[in-house]
> 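Here it is, the structure in full.
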Amino acid sequence: MDAISKTNTLFFDNTELTEESVMPLVSDALAGGDDGELFLEESHSESLAFDDGRMKASNYDRSLGFGLRGLAGEAHGYAHSDAMTLDAIKRASNTIKAVNQGYGGTFNLAPEGGHNTPLYSDENPLEATDFTAKVKLIEEMDAYARGRDPLVKQVSISIASEWRAIRIMRPDGFQAADIRPLVRLNVSVVMEKNGRMEGGSSGAGGRVMFDQWLDPKAWQAEIDEAIRQARVNLESIAAPAGELEVVLGSGWPGVMLHEAVGHGLEGDFNRKGTSLFSGRMGEQVASKGVSVVDDGTIENRRGSITIDDEGTASRRNVLIEDGILVGYMQDRQNARLMGVEPTGNGRRESFAHAPMPRMTNTFMMSGNHSHEEIIQSVKKGLYAVNFGGGQVDITSGKFVFSASEAYLIENGKIGAPVKGATLIGNGPDAMSKITMIGDNLKLDNGVGTCGKAGQGVPVGVGQPTLKMGGITIGGTDIG
């Protein structure tokens with residue numbers, strides 16, 4: 001059964017709505033406007049949290065609702081409700097018509113390719129694995145972690161799963177649907193040695209089922225990684241302060257690229273002129289050899305989407321090519337106002353939110369240097385393997401990122417682990433300071449969530465090993 005047929009059952013067979021009764025209301029609401037759609041959604045989510053040796057939380061949520069959006073120039077009207085009734089849609093229609101009143105727009109053409117080949121299963125991960133099996137999995141993980149090392153004092157484990165079905169309906173007759181599974185597993189440990197306590201964490205997930213995590217080899221690897229990080233941090237020394245060459249590890253450190261550069265390449269910021277990348281199409285914005293891609297079509301990845309939340313087919317978008325800015329990420333409204341094509345990046349957190357340009361899986365392509373060659377080229381610097389929190393100002397490009405695992409590099413060799421290293425800089429400036437790009441592109445393990453304007457959506461990040469010159473390090477060792 002395809003996504004359209006399956007969502008017929010969800011949204012029409014189980015409610016008072018029918019296609020025949022809904023479409024006139026949508027057409028009436030959007031008459032005279034430039035664009036818009038009715039967005040229907042049903043989602044199921046479940047999470048389990050194990051902490052301090054026992055189950056601390058078990059949550060289940062089901063939501064059902066719609067969002068009706070109308071666009072007129074730069075203005076938009078949005079109404080939503082969790083009541084799937086004709087009366088609710090009629091009230092929403094009256095709200096949206098206020099935006100189009102007195103406006104004589106030409107309704108934008110429907111998205112192309114709204115019936116892409118699915119990139120993931122439509123099976124429900126909440127139902128595919130029995131609840132008792134999930135509880136048993138967490139208990140086994142806790143026991144394994146505590147028995148792995150006598151220094152382990154605290155273990156926290158969580159697993160979460162989601163199943164989301166969406167349907168997009170436009171007055172021009174266009175319809176598209178998608179059914180999206182999502183799972184995530186996280187583990188963190190705290191270890192104590194000689195009165196010092198340090199932590200480590202690891203996680204993984206994607207648009208898959210839980211089957212693979214029931215295999216002990218899979219979940220034990222995540223626990224072993226969390227313990228490894230905590231052991232490293234127990235031996236760490238104070239991070240140096242000052243300007244140093246920095247080597248970023250492959251995979252998750254791509255979160256810095258996502259935050260410091262990716263958001264600045266979203267269409268709304270560039271249309272409004274609030275990004276440092278505004279008006280720079282075709283210019284050199286990064287070192288030669290730097291190519292950045294946003295690709296929502298990678299099978300089973302956390303940030304992948306068969307279609308975006310406006311019905312546009314997901315695709316692979318090259319943003320920076322050999323250091324040259326060649327593209328922005330676009331939803332339909334910003335693409336129309338900028339005179340370009342939508343790129344399949346119109347995303348929303350739920351039916352209660354309007355879509356906007358958002359990333360999917362954003363990463364830097366590989367170069368031609370080996371990881372070892374890059375490390376050996378650094379006389380004195382910092383090797384940042386993992387990042388924790390970070391902050392970015394889109395307008396100025398300034399960023400601050402905390403390294404959760406980092407090491408000194410001395411005379412081309414990885415030295416002592418350091419604690420408290422903070423990378424401080426400016427996104428476009430940092431991109432121009434990339435001097436070596438590794439041949440080992442890696443995507444993260446499937447744990448990213450991106451926040452923007454109060455909305456969160458699942459994303460992926462990635463990069464190869466990178467060497468950057470002259471990055472300011474905030475640390476506690478200023479000797």
Side-chain angles (χ1 to χ4, degrees), residues 1-23 25-26 29 36-47 58-69 78-93 111 114-116 118-129 131 160-170 174-184 205-210 300 302-312 314 346-355 358 449 455-458:
M1 185 183 295
D2 63 23
I4 288 285
S5 299
K6 195 158 189 174
T7 55
N8 279 340
T9 301
L10 293 173
F11 301 127
F12 301 134
D13 294 355
N14 296 329
T15 71
E16 69 175 53
L17 305 181
T18 64
E19 289 189 61
E20 293 74 22
S21 62
V22 165
M23 289 305 295
L25 298 176
V26 176
E37 73 286 311
L38 177 67
F39 181 86
L40 307 175
E41 179 186 68
E42 178 172 349
S43 69
H44 302 240
S45 62
E46 177 185 80
S47 63
S58 176
N59 299 306
Y60 171 80
D61 181 68
R62 175 182 180 266
S63 67
L64 177 68
F66 72 86
L68 181 61
R69 181 180 65 147
Y78 197 74
H80 64 88
S81 174
D82 58 5
M84 294 285 276
T85 65
L86 287 174
D87 281 344
I89 294 180
K90 287 176 184 176
R91 288 193 295 271
S93 175
H115 302 284
N116 256 16
L119 299 171
Y120 27 76
S121 168
D122 64 2
E123 193 175 1
N124 189 337
L126 282 71
E127 300 173 351
T129 302
F131 182 81
S161 55
E162 178 183 281
W163 183 86
R164 187 181 299 265
I166 68 167
R167 175 81 164 259
I168 294 139
M169 303 175 69
R170 292 169 51 87
F174 173 91
Q175 295 196 47
D178 197 17
I179 296 176
R180 303 166 178 168
L182 192 66
V183 304
R184 177 172 167 171
R207 296 199 181 280
V208 294
M209 299 299 112
F210 266 118
N300 296 330
R302 180 174 172 85
S304 294
I305 45 176
T306 301
I307 55 171
D308 73 3
D309 295 327
E310 299 176 304
T312 305
S314 181
R347 305 187 66 189
R348 62 183 103 197
E349 180 178 319
S350 75
F351 69 86
H353 304 84
R358 304 295 300 272
T449 297
Q455 295 190 43
V457 296

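All residue numbers in this chain count up from 1 along the given sequence. As the structure is a computational prediction, the values presented were derived from the model and not from experiment.
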> Do Leu119 and Asn300 touch side chain to side chain, with heavy atoms closer than 4.5 Å?
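Counting from C-beta outward, Leu119 and Asn300 never come under 4.5 Å.
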
> Do the non-hydrogen side-chain atoms of Thr312 and Ile307 ever get within less than 4.5 Å of each other?
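No - every pair of side-chain heavy atoms lies 4.5 Å or more apart.
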
> Regarding Arg164 and Glu42, does a basic nitrogen lie under 4.0 Å from an acidic carboxylate oxygen?
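Looking at Glu42 together with Arg164, the answer is no, because their closest N to O distance does not fall below 4.0 Å.
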
> Between Ser47 and Tyr60, is a side chain to side chain donor-acceptor pair (under 3.5 Å) present by the stated rule, with each step listed?
CA-CA 7 Å; Ser47 63; Tyr60 171 80; over 6 Å; no

> Which atom names give the shortest non-hydrogen contact between Ala79 and Ala92, and what distance separates them?
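Where Ala79 meets Ala92 most closely, the heavy atoms are CB-CB, 3.7 Å.
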
> Does Tyr120 reach the main-chain N or O of Arg302 with its side chain, forming a donor-acceptor pair under 3.5 Å?
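Not a single qualifying donor-acceptor pair exists.
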
> Do Asp2 and Ser5 pass the side chain to side chain donor-acceptor pair (under 3.5 Å) test, and can you show the C-alpha distance, the side-chain angles, and the key distance before you say yes or no?
CA-CA 5 Å; Asp2 63 23; Ser5 299; 2.8 Å; yes

> Quick one, Trp163 and Ile179 - any side-chain contact, counting heavy atoms below 4.5 Å?
yes

> Check Val26 against Arg170 and note the closest heavy-atom contact, atom names and distance.
CG1-C, 4.5 Å

> Nearest 0.5 angstrom please: Phe39 CZ to His80 NE2, how far?
12.5 Å

> Below 4.5 Å, heavy atoms only, C-beta onward: do Ile305 and Arg347 meet side chain to side chain?
yes

> Can you give me the closest heavy-atom contact between Ser161 and Phe210, atom names plus distance?
CB-CE1, 3.5 Å

> Supply the atom-to-atom distance Asp82 CG to Leu64 CG, rounded to the nearest 0.5 angstrom.
8.0 Å

> With heavy-atom distances below 4.5 Å as the criterion, would you say the side chains of Glu46 and Phe131 are in contact?
yes

> How many angstroms lie between atom CD of Gln455 and atom OG of Ser350, to the nearest 0.5 angstrom?
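Answer for the CD-OG pair, Gln455 versus Ser350, is 7.5 Å.
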
> Output the distance between atom CG (Asp61) and atom CG (Asn59), rounded to the nearest 0.5 Å.
9.0 Å

> Is any side-chain heavy atom of Ser93 less than 4.5 Å from a side-chain heavy atom of Leu68?
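Touching, per the 4.5 Å side-chain cut-off.
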
> Please check: side-chain N/O of Asp308 versus main-chain N/O of Gly346, any donor-acceptor pairing under 3.5 Å?
yes

> Thr9 vs Asn14, test: side chain to side chain contact (heavy atoms under 4.5 Å, CB included). Steps then yes/no.
CA-CA 6 Å; Thr9 301; Asn14 296 329; 4.3 Å; yes

> Answer yes or no: is there a donor N or O on one side and an acceptor on the other, between the side chain of Thr7 and the main chain of Ala3, under 3.5 Å?
yes

> Leu40 vs Phe351, test: side chain to side chain contact (heavy atoms under 4.5 Å, CB included). Steps then yes/no.
CA-CA 7 Å; Leu40 307 175; Phe351 69 86; over 6 Å; no

> Any non-hydrogen side-chain atom of Met209 less than 4.5 Å from a side-chain atom of Val183?
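Side-chain contact under 4.5 Å: no.
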
> When you measure from the side chain of Glu16 to the backbone of Leu86, do you find a donor-acceptor pair of N or O atoms at a distance under 3.5 Å?
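Yes, because the side chain of Glu16 sits within donor-acceptor range (under 3.5 Å) of the backbone of Leu86.
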
> Got a sec, which residues hit side chain to side chain donor-acceptor pair (under 3.5 Å) with Tyr78, two or more places apart in sequence or on another chain?
Arg348

> Search all heavy atoms of Gly311 against all heavy atoms of Ala176 and return the closest pair with its distance.
CA-CB, 4.3 Å

> If you apply the rule salt bridge (Lys or Arg N to Asp or Glu O under 4.0 Å), what do you find for Arg167 with Glu37, and how did you get there?
CA-CA 10 Å; Arg167 175 81 164 259; Glu37 73 286 311; over 6 Å; no

> Is it true that a side-chain atom of Glu349 and a backbone atom of Gly456 form a donor plus acceptor pair closer than 3.5 Å?
yes

> Just jot down the ring-ring contact (aromatic ring centres under 6.0 Å, His included) partners of His353, sequence neighbours excluded, or say none.
none

> State the CG-OG distance between Leu182 and Ser43, to the nearest 0.5 angstrom.
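Reported value, rounded in 0.5 Å steps: 11.5 Å.
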
> What's the verdict on side chain to side chain contact (heavy atoms under 4.5 Å, CB included) for Glu310 and Arg69, showing C-alpha distance, side-chain angles and the deciding distance?
CA-CA 10 Å; Glu310 299 176 304; Arg69 181 180 65 147; 2.7 Å; yes

> Rounded at 0.5 Å granularity, tell me how far CD in Glu123 sits from OG1 in Thr129.
8.0 Å

> Mind checking whether Met84 and Leu17 have side chains closer than 4.5 Å, heavy atoms only?
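Of all side-chain heavy-atom pairs linking Leu17 with Met84, at least one is under 4.5 Å.
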
> Kindly indicate, with the supporting measurements, whether the criterion side chain to side chain contact (heavy atoms under 4.5 Å, CB included) is fulfilled by Thr449 and Val457.
CA-CA 6 Å; Thr449 297; Val457 296; over 6 Å; no

